[in-house]
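Values below: all heavy atoms of this structure, side chains included; hydrogens, waters and symmetry mates excluded. Letters A, B, ... mirror the listed sequences (proteins, then strands); counts begin at 1.
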Protein chains: 2
Amino acid sequence: MDIKQKFGKNLKRLRLEKNLSQESLALTADLDRTYIPSIEKGLRNVSITVIEKLAIALNTDISEFFKD
Amino acid sequence: MDIKQKFGKNLKRLRLEKNLSQESLALTADLDRTYIPSIEKGLRNVSITVIEKLAIALNTDISEFFKD
């Protein structure tokens, strides 16, 4: 599993733990709503500013996105 | 301090802890040697694939880059 897939898998896990839809996470994180599904599929090489937005929106630590 | 500056500060700390020059880190991480100084200055919105390359080159956990 490459880093993009690992990140996407963790993003989906964290989002579902908070019972958030992809649309509401995108809204909260101020990201385009089509971006969340493509990140979760491991298709995006996200940047640290996007990572920070997602961590704030999910009220979680950035390290959570990189867990095995 | 924004996320790019925090990342840069931690990258410099981790690199110096390993007594690596910017050039040797760039070589080990397979990154352009001019990229490391600009990341350390907080000027770069690095992506997860670059983060992974740096973590492997420094033999450190990705979470180390996001410590306060």
Side-chain angles (χ1 to χ4, degrees):
Chain A
M1 181 185 301
D2 73 23
I3 189 80
K4 291 184 281 189
Q5 291 165 322
K6 181 191 288 187
F7 189 95
K9 199 188 80 171
N10 282 315
L11 176 61
K12 185 169 188 175
R13 170 180 59 83
L14 293 160
R15 175 175 63 79
L16 294 177
E17 280 172 12
K18 301 272 162 89
N19 295 310
L20 288 173
S21 67
Q22 290 177 331
E23 287 72 20
S24 58
L25 174 57
L27 206 63
T28 311
D30 187 31
L31 294 169
D32 185 282
R33 68 173 186 71
T34 62
Y35 199 40
I36 303 294
S38 56
I39 296 174
E40 289 189 355
K41 288 187 191 113
L43 302 175
R44 295 288 182 161
N45 190 14
V46 296
S47 67
I48 46 177
T49 51
V50 167
I51 293 171
E52 184 179 43
K53 282 183 172 183
L54 290 167
I56 292 168
L58 291 165
N59 191 26
T60 188
D61 191 79
I62 288 179
S63 58
E64 281 290 327
F65 292 115
F66 298 100
K67 288 205 164 168
D68 287 321
Chain B
M1 181 186 301
D2 72 22
I3 190 79
K4 291 184 280 188
Q5 291 166 321
K6 182 191 288 188
F7 189 94
K9 198 188 80 169
N10 282 314
L11 176 61
K12 185 167 189 174
R13 171 179 60 82
L14 292 160
R15 176 175 63 79
L16 294 176
E17 280 173 12
K18 300 273 161 91
N19 295 310
L20 288 173
S21 66
Q22 290 177 332
E23 288 72 20
S24 58
L25 174 56
L27 206 63
T28 311
D30 186 31
L31 293 169
D32 185 282
R33 68 173 185 73
T34 62
Y35 199 41
I36 303 294
S38 57
I39 296 174
E40 290 188 355
K41 287 186 190 114
L43 302 175
R44 296 289 181 159
N45 190 15
V46 295
S47 68
I48 47 177
T49 51
V50 166
I51 293 170
E52 184 179 44
K53 282 184 173 184
L54 291 167
I56 291 168
L58 291 165
N59 191 26
T60 188
D61 192 78
I62 288 179
S63 58
E64 281 290 325
F65 292 114
F66 298 101
K67 289 206 163 169
D68 289 320

All inter-chain donor-acceptor pairs under 3.5 Å (chain A, chain B):
| from | atom 1 | to | atom 2 | distance (Å) |
| --- | --- | --- | --- | --- |
| A:N45 | OD1 | B:S47 | OG | 3.4 |
| A:N45 | OD1 | B:I48 | N | 3.3 |
| A:N45 | OD1 | B:T49 | N | 3.1 |
| A:N45 | OD1 | B:T49 | OG1 | 3.2 |
| A:N45 | ND2 | B:S47 | OG | 3.1 |
| A:N45 | ND2 | B:T49 | OG1 | 2.8 |
| A:V46 | O | B:I48 | N | 2.9 |
| A:S47 | OG | B:N45 | OD1 | 3.4 |
| A:S47 | OG | B:N45 | ND2 | 3.1 |
| A:I48 | N | B:N45 | OD1 | 3.3 |
| A:I48 | N | B:V46 | O | 2.9 |
| A:T49 | N | B:N45 | OD1 | 3.1 |
| A:T49 | OG1 | B:N45 | OD1 | 3.1 |
| A:T49 | OG1 | B:N45 | ND2 | 2.8 |

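- Residues satisfying the ring-ring contact (aromatic ring centres under 6.0 Å, His included) criterion with A:F7, sequence neighbours excluded, are A:F65, A:F66.
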TODO: Please lay out, stage by stage, how A:I3 and B:I62 fare under the test side chain to side chain contact (heavy atoms under 4.5 Å, CB included).
DONE: CA-CA 11 Å; A:I3 189 80; B:I62 288 179; 3.7 Å; yes
